[in-house]
Amino acid sequence: MSLVNCKGLSKSYGDKKALSQVDITLNAGSPIALVGPNGAGKTTLFSLLCGYITPSSGEVSLLGHKPGSAELLGRIASLPQDASLDPNLDVLTQLTFFGTLQGYNRKNAQAEAIRVLNLVDLADSAKQKPRALSHGMAKRVAIAQALMGSPELVLLDEPTAGLDPANAKKIRELVKSLAGTTTFIISSHNLDELEKLCDQVLYLEHGQLRQSVSMAESQHDDYITLTMQGCESASLIEAVLKLADISSIEERQANQFLIKHNSAESYAIEISLLTLFKERNWQYKAILKGRTLEEKLFS
Ligand code: ATP
C-alpha cells in the first residue's frame, strides 16, 4: 500500500485555485522533498495531507485512510510552517499533553516527551517556557513534537528556516538518522539542503505538479558538475573539450561548469579531469556526478 496517494487533488480558496489536479503516489522510504516558488501550493498540499482542510475535488489518502481519520492517529505528524507553542506552559508540560492526546498515559507521555527533546538536544530546556527559547530552539521543540510516537510519516514545512547553520545541520542529521523508520516529506526553499537529504523531489508550480525528480537516478545520467576554485573559463572549456568522450561543457554560473559526456564510466572522465587539473595547476572545489537539483529543476 502506498504511503500517500493523491488523485486529481484540487483545492480552491474562493476563486483562487491553490492546487489543481495533482496526482502523486509516494512510497515509504527516503526523505521526499517538496519544492516550488512562493504561493505554489506546498502548504496547501501539506494541510490537505494532514486533514486540516478538505479538497475541493479529487482524492487523497495516507496509508489507505482519509487524512484526519482515527486510523492515522500517532502514525502521521506534521510541523506546520507557523507552528507556535503555548506561551504559558513549559516545554515538557506541553509535549506531555500532546502525548496524552496521542493516547499515552501521563507517565509514558512524559517519557516520550523527554525522548524527543533529547533527539533535538533540548532536554535541558524541558522546564523552560517558550518565551525563554530562541526562535531556533522553539522550532526544534516543534520538530520534537512532530516526532512524538515515532510516526510513520512526518511532514516538515520549512523545518530549517530561521535556524543557524549548526542547528540546521543537526536537524538534517536527525532526519537522516530516523529515515529508516519514518518517511519525511520536507518542504523547503533550500535546494542544497534538499539535495543532501532527499532521494525524490516533487516540484509544484502554480498549484500543479510540474516535475518529480529522482536524485538516485541522476547519479547515472551523463553529466558532471564541476566547480572550480577559480580559473580562466575559456582555457578550461577548451582543454576539457579536447578530453575523450566529452560532448559539451558550459559555464552555468561563475566557476560552475556543466559537462555532458558519453562515457559509460563517469570515473574515466573524473580521472581525466583530475589529470588535466594537475597538469595545468588548476584548483577545483567539487566534482559532482550528475546535475545539481537547481539545474534539473530550472534549466
Ligand atoms: P510559500 O512558499 O510562500 O509558503 P506555498 O507554496 O506554501 O507558498 P500556499 O500557502 O499553499 O503556497 O498558497 C497557495 C496559493 O493559495 C497562494 O496563491 C495563496 O495566496 C493562496 N492561499 C493559501 N491559503 C489561502 C487562504 N486561506 N485563503 C485564500 N487564499 C489562500
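Note that ligands are numbered from 1 as they come in the structure, with each ligand's atoms numbered from 1 the same way.
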Problem - Any side-chain heavy-atom pair of Leu63 and Ile76 under 4.5 Å - result: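 The answer is yes, as the side chains (C-beta and beyond) meet within the 4.5 Å cut-off.
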
Exercise for the section: Decide yes or no for Leu258 and Arg291: does some side-chain heavy atom of the first lie under 4.5 Å from some side-chain heavy atom of the second? Expected result: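 Yes, close enough: below the 4.5 Å cut-off.
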
Practice task
Establish whether atom 29 (C) of ligand 1 and some protein heavy atom are separated by less than 4.0 angstrom.
Solution key: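 It does: a protein heavy atom is found less than 4.0 Å away from atom 29 (C) of ligand 1.
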
Problem - Any protein heavy atom < 4.0 Å from atom 20 (O) of ligand 1 - result: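 Flag for atom 20 (O) of ligand 1 set to false, no protein heavy atom closer than 4.0 Å.
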
Exercise for the section: Measure the distances from the heavy atoms of Gly36 to every atom of ligand 1 and state whether one is below 4.0 angstrom. Expected result: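 Not so, Gly36 does not reach ligand 1.
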
Problem - contact_flag His189 ligand 1 heavy-atom lt 4.0 Å - result: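 A heavy atom of His189 does come that close to ligand 1.
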
Practice task
Can you sort out which atoms of ligand 1 are near Ala40, meaning under 4.0 Å from one of its heavy atoms?
Solution key: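 Listed by number with element: 5 (P), 6 (O), 12 (O).
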
Handout entry: Lys42 neighbourhood, listing ligand 1 atoms whose heavy-atom distance to it stays under 4.0 Å
Key =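 Counting from 1, the qualifying ligand atoms are 1 (P), 2 (O), 5 (P), 6 (O), 7 (O), 8 (O), 11 (O), 12 (O).
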
Does [X], at its [atom1] atom, have more than 12 non-hydrogen atoms belonging to other residues, nucleotides or ligands within less than 6.0 Å?
| X | atom1 | answer |
| --- | --- | --- |
| Asp124 | CG | no |
| Glu59 | CD | no |
| Lys17 | NZ | no |

Problem - Closest contact, heavy atoms only, Cys231 versus Trp282 - result: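 Nearest pair, atom of Cys231 first, then Trp282: CB-CD1, 4.2 Å.
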
Practice task
Please state which part of Lys16 comes within less than 4.0 Å of ligand 1, counting heavy atoms only: side chain, backbone, both or neither.
Solution key: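 For Lys16, the contact with ligand 1 is made by the side chain alone.
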
Handout entry: Location of contacts on Pro37 toward ligand 1, heavy atoms closer than 4.0 Å
Key =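 Within the 4.0 Å criterion, Pro37 contacts ligand 1 through backbone atoms alone.
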
How close does the nearest protein non-hydrogen atom get to [atom], and which residue and atom is it?
| atom | answer |
| --- | --- |
| atom 3 (O) of ligand 1 | Asn38 ND2, 3.0 Å |
| atom 10 (O) of ligand 1 | Thr43 CB, 3.7 Å |
| atom 8 (O) of ligand 1 | Gly39 N, 2.8 Å |

Problem - ligand 1 N/O within reach of Gly41 N/O, cut-off under 3.5 Å - result: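 By distance alone, the answer is yes.
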
Problem - Distance (rounded to the nearest 0.5 Å) between Glu112 CD and Leu117 CG - result: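 Taking CD in Glu112 and CG in Leu117, the distance rounds to 10.0 Å.
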
Problem - From OG1 (Thr93) to CG (Asn88), nearest 0.5 Å - result: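 Result: 11.5 Å between the selected atoms.
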
